[in-house]
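Here the structure is a predicted model, which is why all the values come from computation and not from measurement.
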Amino acid sequence: MMAEKTQWKFTGRHALLIFCSAFAIIIGVNITLAVKAVSTFPGLEVKNSYVASQEFDARRQAQRALGWEVNAEVKGDLLHLMINDQDGQPVEVAKLTATFGRATHVKDDQTPEFTFDGSAYVAPVTVDKGNWNLRMVARAKNGTEFTQRVIVHVQEAAK
């Protein structure tokens with residue numbers, strides 16, 4: 001005697017299960033990406049934007065009066081920060097602090113320890129290829145604070 005073969009039927013329950021599973025995957029991926037985006041990029045430039053806006057024009061005028069031009073580049077594993085006056089001469093500042101990191105997250109941020117070599121400020125850094133930001137704060141010898149974000153394009157990683 002042969003057993004009778006039953007044919008499988010696609011029912012409404014199966015369709016609902018597939019539909020709910022697909023949306024659960026989509027929503028799960030979206031939540032994961034949103035959490036990663038928020039946790040890796042603070043998006044914070046200043047603590048209090050209102051106070052910063054009130055001081056902006058005066059600080060900008062003071063910085064422009066210095067006439068400084070700032071450039072940065074990475075050569076090997078050294079970050080070179082060039083600060084030149086309006087005559088193109090290197091400027092030695094009273095104080096310099098900086099954060100060097102990626103534009104999109106803070107996990108690779110570094111605080112370079114600069115030394116002035118007579119023409120530029122030099123600091124060892126660990127970098128990979130890509131776009132980096134140097135967020136610097138320098139104080140001129142007359143007390144003027146100079147703040148700038150310098151974009152640094154690294155063509156190849158240090159060996």
Side-chain angles (χ1 to χ4, degrees), residues 20-159:
C20 290
S21 297
F23 272 98
I25 291 170
I26 291 168
I27 292 169
V29 168
N30 283 335
I31 289 172
T32 301
L33 291 175
V35 167
K36 288 288 188 185
V38 170
S39 67
T40 59
F41 181 62
L44 184 65
E45 288 286 333
V46 294
K47 291 185 193 282
N48 187 326
S49 60
Y50 178 75
V51 171
S53 72
Q54 299 304 301
E55 302 168 351
F56 179 79
D57 286 331
R59 287 183 19 217
R60 180 180 59 181
Q61 288 173 351
Q63 281 190 199
R64 283 187 175 169
L66 291 172
W68 290 357
E69 183 177 326
V70 178
N71 293 300
E73 64 183 357
V74 174
K75 294 179 183 174
D77 61 350
L78 292 176
L79 173 62
H80 297 262
L81 173 64
M82 289 75 65
I83 304 173
N84 296 321
D85 64 14
Q86 48 206 350
D87 297 325
Q89 298 301 311
V91 173
E92 188 171 3
V93 299
K95 183 179 179 185
L96 175 64
T97 59
T99 301
F100 185 64
R102 296 281 192 179
T104 54
H105 56 79
V106 296
K107 73 175 183 166
D108 292 332
D109 280 4
Q110 304 167 51
T111 306
E113 296 293 327
F114 286 105
T115 56
F116 188 64
D117 68 3
S119 62
Y121 288 89
V122 182
V125 291
T126 305
V127 294
D128 287 326
K129 183 178 176 180
N131 293 329
W132 293 76
N133 282 338
L134 177 66
R135 294 177 298 280
M136 60 163 280
V137 178
R139 187 163 305 278
K141 291 186 178 181
N142 69 4
T144 303
E145 185 175 272
F146 185 90
T147 304
Q148 190 165 345
R149 179 176 51 195
V150 183
I151 298 171
V152 181
H153 299 284
V154 177
Q155 300 300 322
E156 60 183 63
K159 294 177 175 107

Using atom types as modelled, flag every donor-acceptor pair under 3.5 Å from a side chain in residues 95-102 to any protein atom, sequence neighbours excluded.
| from | atom 1 | to | atom 2 | distance (Å) |
| --- | --- | --- | --- | --- |
| Arg102 | NH1 | Lys129 | O | 3.3 |
| Arg102 | NH2 | Lys129 | O | 3.2 |

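Judged by distance alone, the side chain of Asp87 and the main-chain N or O of Gln89 form no donor-acceptor pair under 3.5 Å.
Looking at Asp117 and Ser119, their side chains do bring a donor and an acceptor atom within 3.5 Å of each other.
Judged as a ring pair (Phe, Tyr, Trp, His ring centres under 6.0 Å), the pairs with a partner in residues 56-88 (not counting sequence neighbours) are, in order, Trp68-Phe146.
Around CD of Glu145, the count of heavy atoms belonging to other residues, nucleotides or ligands within 6.0 Å exceeds 12. Heavy-atom contacts from other residues, nucleotides or ligands closer than 6.0 Å to CD1 of Ile26 number more than 12.
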Residues Asn133, Ile151; criterion side chain to side chain contact (heavy atoms under 4.5 Å, CB included); working and verdict: CA-CA 5 Å; Asn133 282 338; Ile151 298 171; 3.6 Å; yes

Side chain to side chain contact (heavy atoms under 4.5 Å, CB included) evaluation trace for Met136 with Phe114: CA-CA 11 Å; Met136 60 163 280; Phe114 286 105; over 6 Å; no

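The shortest non-hydrogen separation linking Val127 to Trp132 is CA-CZ2, 3.8 Å. Considering all non-hydrogen atoms of both residues, Asp57 and Arg60 come closest at OD1-NH2, 3.1 Å. Contact detail for Met82 and Ala120: the closest heavy-atom pair is CG-CB, 3.8 Å.
When side chains are defined from C-beta on, Leu81 counts as touching Val70, because their heavy atoms get closer than 4.5 Å. Between Val91 and Asn84 the shortest side-chain heavy-atom distance does not fall below 4.5 Å.
To the nearest 0.5 Å, atoms OG1 (Thr147) and CZ (Arg139) are separated by 8.5 Å. In this structure, CG in Asn131 is found 9.0 Å from OG1 in Thr104, a value given to the nearest 0.5 Å. Here the CG-CD distance, from Leu134 to Gln110, works out to 10.5 Å after rounding to the nearest 0.5 Å.
Partners of Asp109 under the salt bridge (Lys or Arg N to Asp or Glu O under 4.0 Å) rule, at least two apart in sequence or in another chain, are Arg135.
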